[in-house]
Amino acid sequence: PAFGLFLFTIARDPLRIIILIAGAFFWLVSLLLSSLIWFIAVKASDPQDERLQKGLLIFGVMFSVLLQEAFRFLYYKLLRKAIEGLVALSEDGCSPISIQQMAYVAGVGFGLMSGAFSMINLLADALGPGTVGIHGDSQLYFLTSAFMTMVLIFLHTFWGILFFHGCEHRRWWEIAAVVIMHLTVSGSSFCNPLYVGSLVPSYLLMAAAAAWAYLLSGGSAQNLRRFLLCKW
């Protein structure tokens, strides 16, 4: 269902597709830089020191999150300049796409690329060797990974809306909230293979972020009720 966001809300608009692809590219660059720094840190350290290696892994995850949010900010600044250019070129002085729509599409771009890489890693693990759960471990690895991939795609979408809104209105606490939620979700992965410790907090945060993004986008409880009852 997460990948349906692209099919139903973006695929028919060329401008939205361009914004989505650019957002995915920004996420890829952030991943490349964070992976490079983590790789250098691992190679420069003692591979026999398990405590140090675990600390480097935690550092790599946290640094990757911060770098992703930094690139999200850079992408916001780029899109803000793009809107000014579109307004200058338009005949009626209006942009063909609003900053709220850009925030949504950019968030989907970040989420889809993040989900794609999660799926690639999952498929790589599925090739073997070995069988999941053969040594008494949980056999829910692939199922929980799929649910985690879905929640990350949705979270990136909602985070994009919240982050851009915070930048647009200079509400830095909204940006800080996005960073804290991102760190919390990423950090919860260290609870695995106790999958309840990562999935439950992630889905609770997704519900909170979804409600928050909905309200910031102009939604209301009355509109939601009318939508659910098909009373438009």
Side-chain angles (χ1 to χ4, degrees), residues 1-32 34 64-83 86 95-119 147-186 188 201-219 224:
F3 288 98
L5 293 174
F6 170 76
L7 295 176
F8 295 112
T9 61
I10 298 174
R12 296 183 179 181
D13 191 327
L15 182 57
R16 293 185 182 185
I17 293 176
I18 294 173
I19 295 172
L20 181 139
I21 293 174
F25 174 76
F26 268 70
W27 188 90
L28 275 175
V29 174
S30 70
L31 177 65
L32 175 63
S34 59
S64 176
V65 169
L66 296 177
L67 200 58
Q68 287 178 48
E69 297 306 327
F71 270 81
R72 199 193 302 271
F73 178 74
L74 291 176
Y75 193 41
Y76 161 77
K77 300 295 285 185
L78 177 64
L79 290 179
R80 208 68 192 82
K81 291 292 184 181
I83 286 182
L86 290 172
S95 172
I97 185 170
S98 65
I99 190 65
Q100 291 86 357
Q101 292 172 333
M102 283 187 170
Y104 166 76
V105 177
V108 174
F110 270 62
L112 286 180
M113 189 53 63
S114 173
F117 265 80
S118 297
M119 288 183 62
F147 277 102
M148 197 66 186
T149 298
M150 182 178 70
V151 75
L152 279 174
I153 295 174
F154 281 122
L155 277 171
H156 270 293
T157 302
F158 303 140
W159 288 338
I161 297 173
L162 298 176
F163 195 96
F164 277 44
H165 185 272
C167 293
E168 192 72 9
H169 297 277
R170 298 187 179 278
R171 296 181 179 179
W172 307 117
W173 59 272
E174 290 182 351
I175 299 175
V178 170
V179 175
I180 292 172
M181 283 191 287
H182 199 167
L183 287 171
T184 301
V185 172
S186 298
S188 67
S202 298
Y203 272 85
L204 290 176
L205 283 175
M206 184 189 71
W212 192 0
Y214 175 74
L215 293 175
L216 290 182
S217 301
L224 181 61

Using side-chain heavy atoms (C-beta onward) and a distance below 4.5 Å, is [X] in contact with [Y]?
X	Y	result
P201	V185	no
M181	L155	no
V179	H182	no
I153	S114	no
W212	I161	no
R72	H156	yes

*asked:* side-chain contact (heavy atoms from CB on, under 4.5 Å), that's the test. Do S202 and M148 meet it? Break it down for me.
replied: CA-CA 8 Å; S202 298; M148 197 66 186; 3.2 Å; yes
_ring-ring contact (aromatic ring centres under 6.0 Å, His included) partners of F26, counting only residues at least two apart_ = Y75
Taking all atoms of both residues into account, what is the closest heavy-atom pair of [X] and [Y], and its distance?
X	Y	result
L15	D13	N-OD1, 3.0 Å
A24	M113	CB-CE, 3.6 Å
S186	V65	OG-CG2, 3.2 Å

What distance do [X] atom [atom1] and [Y] atom [atom2] have between them, rounded to the nearest 0.5 Å?
X	Y	atom1	atom2	result
T157	L162	OG1	CG	11.0 Å
M150	F154	CE	CZ	6.0 Å
R80	F164	CZ	CZ	10.5 Å
F25	L32	CZ	CG	9.0 Å
E168	F163	CD	CZ	12.5 Å
L31	L67	CG	CG	9.5 Å

Show the atom names and distances, to 0.1 Å, of all donor-acceptor pairs under 3.5 Å that link a side chain in residues 97-112 to residues at least two apart or in another chain.
| unit_1 | atom_1 | unit_2 | atom_2 | d |
| --- | --- | --- | --- | --- |
| S98 | OG | Q100 | OE1 | 3.4 |
| S98 | OG | Q101 | N | 3.2 |
| Q101 | OE1 | S98 | N | 3.1 |
| Y104 | OH | T9 | OG1 | 2.7 |

*asked:* Checking the side chain of S30 only, and the main-chain atoms of W27 only, is there a donor and an acceptor separated by less than 3.5 Å?
replied: yes
*What orientation do H169 and H165 show, parallel under 30°, tilted 30 to 60°, or perpendicular over 60°?*
tilted
*asked:* Restricting to side chain to side chain donor-acceptor pair (under 3.5 Å), what partner residues turn up for Y203, sequence neighbours left out?
replied: none
